[in-house]
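Read the structure below first, then the notes.
Given the structure is predicted, the values throughout are model-derived calculations rather than measurements. The chains referred to below are lettered A, B, ... by the order of the sequence lines, with proteins before strands, and numbering in each begins at 1.
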Amino acid sequence: MEISVNLSTRFPHILSSPLPSSFSAVSSLPALRPSHNSATAAKTTITIVVKEQTPATALISRRNHKSNSYLSRKSAVLQVQQSSDLASSLQRFGGILKVQDLNAILRHFGEQNRWPDLSQLFNWMQQHGKTSVSSYSSYIKFLGKSLKPLKALEIYNNITDESTKTNVFICNSVLSCLVRNGKLDSGIKLFDKMKQNGLTPDAVTYNTLLTGCIKVKRGYSKALELVQELKHNGLQMDSVMYGILLAVCAANSLHEGAESYFNCMKDEGHSPNPFHYSSLLNAYSSVGNYEKADELVQEMKSSGLVPNKVILTTLLKVYVRGGLFDKSRELLAELDTLGYAEDEMPYCLLMDGLAKAGRLDEAKAVFSELQEKSVKSGKSPPLDDDLFLQDL
DNA sequence: GTAGGGTTAG
């Protein structure tokens, strides 16, 4: 079938109107671009060949339409991401961007640590009603990364919709933000409120809070309470959870507890990874139990894992704590050979142990060795949990 | 079309 259309009037209208869905246009639309020279344009007759739609061509048509729309949105996403003037580019492209596109830009800003752009975009999205659960969970996560837990709480507290406020992704994101910034007590208090409001916590929720127990006073007992609660809620311990618990035990010098979790984990069929091994080793270091440490490293090798820098440094710590200074020096030499002694940590471990044992000359000798090499150092201390409780 | 993970020093 072939029809002729006389485009004598109202070009823009014709061009902006979609063809009936039962037809697919074969002609090239750019040829229809209206001319400002109305004298010539008015006489233009264009032949459009149309074919009856079959299910197959209908599918292709939909795909092309979807693809074109996707491409233009994708282009707009890039324009906004690369724009030096976010406000004007949002004004220009914001209209065609879907919430998922804006979320992608939001994540991009977050991954690039572009904090001012991140907040500006989120504000725009809120003002234009273009947010979803994902927008909140991403934005709050990045507020945590940029050390702005108060801002995250403000965003969360301003959510009025009940189901959004108890959405597990958003709740986990807020709790993670607090824990990441050293606010475990505030996090646990907020967690209780969230449950009262209807949150059903999942394994991620508990792992998030358990992580906060590692570097905190009374962390072990808090962790035990959380474990009891998650089991009561029918959730199961997983490999990650065991990893966190081992770290909690190690941080509290509880080598028996660590051993017990390690064995439980294996009994339940989880294979320990280097993180599990290093935490248990670290727990052994608190009592200088080098026999068990050596045994564990052997077991690790037998399972096919190669001891890495952290494992060997932790083993050094065990030897030092156990007073095995000759063995320690041998291991330090091995670390050096492997290129694992480029920072000051292993030297500090050995010097500290020697000094505490009153072997100052030997400690000084290690210090001289350290000075001869170009070693690196540096790490900032974490933040304190201060006035957060009163905000909750 | 979103959230979470554990390791080494003082």
Side-chain angles (χ1 to χ4, degrees), chain A residues 98-107 110 131-145 152 156 164 167-180 187 199 201-215 223 237-251 258 261-262 265 270 272-286 293 300 305 307-321 331-332 335 340-353 355-356 370 375-379 381:
Chain A
K98 296 186 177 181
V99 174
Q100 68 218 53
D101 304 323
L102 293 159
N103 288 342
I105 301 170
L106 197 69
R107 290 193 299 274
T131 57
S132 65
V133 165
S134 308
S135 324
Y136 279 90
S137 58
S138 294
Y139 184 51
I140 290 168
K141 174 179 81 173
F142 289 119
L143 286 176
K145 263 187 76 179
Y156 178 72
T164 305
N167 176 281
V168 72
F169 286 88
I170 294 177
C171 289
N172 289 347
S173 198
V174 177
L175 294 175
S176 159
C177 173
L178 294 179
V179 163
R180 193 196 282 258
L199 165 70
D202 64 6
V204 175
T205 319
Y206 286 104
N207 282 342
T208 300
L209 294 172
L210 283 169
T211 302
C213 295
I214 296 171
K215 291 173 180 173
M237 304 273 289
D238 61 23
S239 177
V240 172
M241 213 170 269
Y242 278 116
I244 302 168
L245 289 170
L246 284 167
V248 171
C249 287
Y261 280 122
F262 193 79
M265 184 183 123
H270 303 289
N273 65 22
F275 290 94
H276 299 111
Y277 280 107
S278 78
S279 286
L280 182 53
L281 269 184
N282 197 24
Y284 287 146
S285 79
S286 61
M300 181 181 177
L305 293 170
N308 62 19
K309 178 179 169 179
V310 177
I311 294 286
L312 294 177
T313 305
T314 310
L315 184 61
L316 175 69
K317 185 175 160 184
V318 181
Y319 290 164
V320 168
R321 294 277 202 277
L331 185 52
L332 180 56
L335 279 162
Y340 293 164
E342 285 175 347
D343 61 51
E344 65 181 0
M345 200 183 292
Y347 298 95
C348 286
L349 281 168
L350 182 52
M351 278 191 294
D352 181 59
K356 280 175 180 162
L370 181 149
V375 293
K376 299 161 194 163
S377 68
K379 200 176 180 181

Under the criteria of a ring-centre distance below 5.5 Å and an interplanar angle below 30°, is A:Phe275 stacked with the base of B:dG6?
->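 It does: the two rings, one from A:Phe275 and one from B:dG6, meet the stacking criterion.
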
Calculate the interatomic distance between [X] atom [atom1] and [N] atom [atom2]; express it in whole Å.
X        : N     : atom1 : atom2 : value
A:Ile244 : B:dA3 : CD1   : P     : 17 Å
A:Ile140 : B:dT2 : CD1   : P     : 15 Å
A:Phe169 : B:dG4 : CZ    : C1'   : 10 Å
A:Tyr261 : B:dT7 : OH    : P     : 16 Å
A:Lys215 : B:dG5 : NZ    : P     : 12 Å
A:Phe142 : B:dA3 : CZ    : P     : 7 Å
A:Asn167 : B:dG1 : CG    : P     : 11 Å
A:Asp202 : B:dT2 : CG    : C1'   : 12 Å

Under 4.0 Å between any heavy atoms, over every strand shown, what does [X] touch: base, sugar-phosphate, or nothing? Just pick one.
X        : value
A:Leu209 : nothing
A:Thr205 : nothing
A:Leu349 : sugar-phosphate

Counterpart residues, ring-ring contact (aromatic ring centres under 6.0 Å, His included), relative to A:Tyr261 (two or more places apart) =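 With neighbours one apart ignored, the set is empty.
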
Residues in ring-ring contact (aromatic ring centres under 6.0 Å, His included) contact with A:Phe275, at least two apart in sequence or another chain |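 Partners of A:Phe275 by the ring-ring contact (aromatic ring centres under 6.0 Å, His included) criterion come out as none, since no residue qualifies.
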
The side chain of [X] is closest to which nucleotide in this list: [options]?
X        : options              : result
A:Lys141 : B:dT8, B:dA3, B:dA9  : B:dA3
A:Asp352 : B:dA9, B:dG10, B:dG4 : B:dG10
A:Ser279 : B:dT7, B:dT2, B:dG4  : B:dT7
A:Cys348 : B:dT7, B:dA9, B:dG6  : B:dA9
A:Val204 : B:dT7, B:dG4, B:dT8  : B:dG4
A:Met345 : B:dT8, B:dG5, B:dG10 : B:dT8
A:Lys356 : B:dA3, B:dG10, B:dG4 : B:dG10

Validation row: A:Ser173, A:Tyr139 side chains within 4.5 angstrom (heavy atoms) =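 Counting from C-beta outward, A:Ser173 and A:Tyr139 never come under 4.5 Å.
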
For [N] and [X] - does any side-chain N or O of the residue sit under 4.0 Å from the phosphate oxygens OP1/OP2?
X        : N     : answer
A:Arg107 : B:dG1 : no
A:Lys317 : B:dT8 : no
A:Asn282 : B:dT8 : yes

When you measure from the side chain of A:Thr313 to the backbone N and O of A:Pro346, does any donor-acceptor pair fall under 3.5 Å?
->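 Pair absent, no side-chain N/O of A:Thr313 close to backbone of A:Pro346.
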
Could you verify whether a donor N or O on one side chain and an acceptor N or O on the other, from A:Asp202 and A:Thr205, lie under 3.5 Å apart?
->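 Looking only at side-chain atoms, A:Thr205 and A:Asp202 do form a donor-acceptor pair, the distance falling under 3.5 Å.
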
Test item: side-chain donor near acceptor, A:Asn103 and A:Ser132, under 3.5 Å |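 Yes, A:Ser132 and A:Asn103 have a side-chain donor paired with an acceptor closer than 3.5 Å.
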
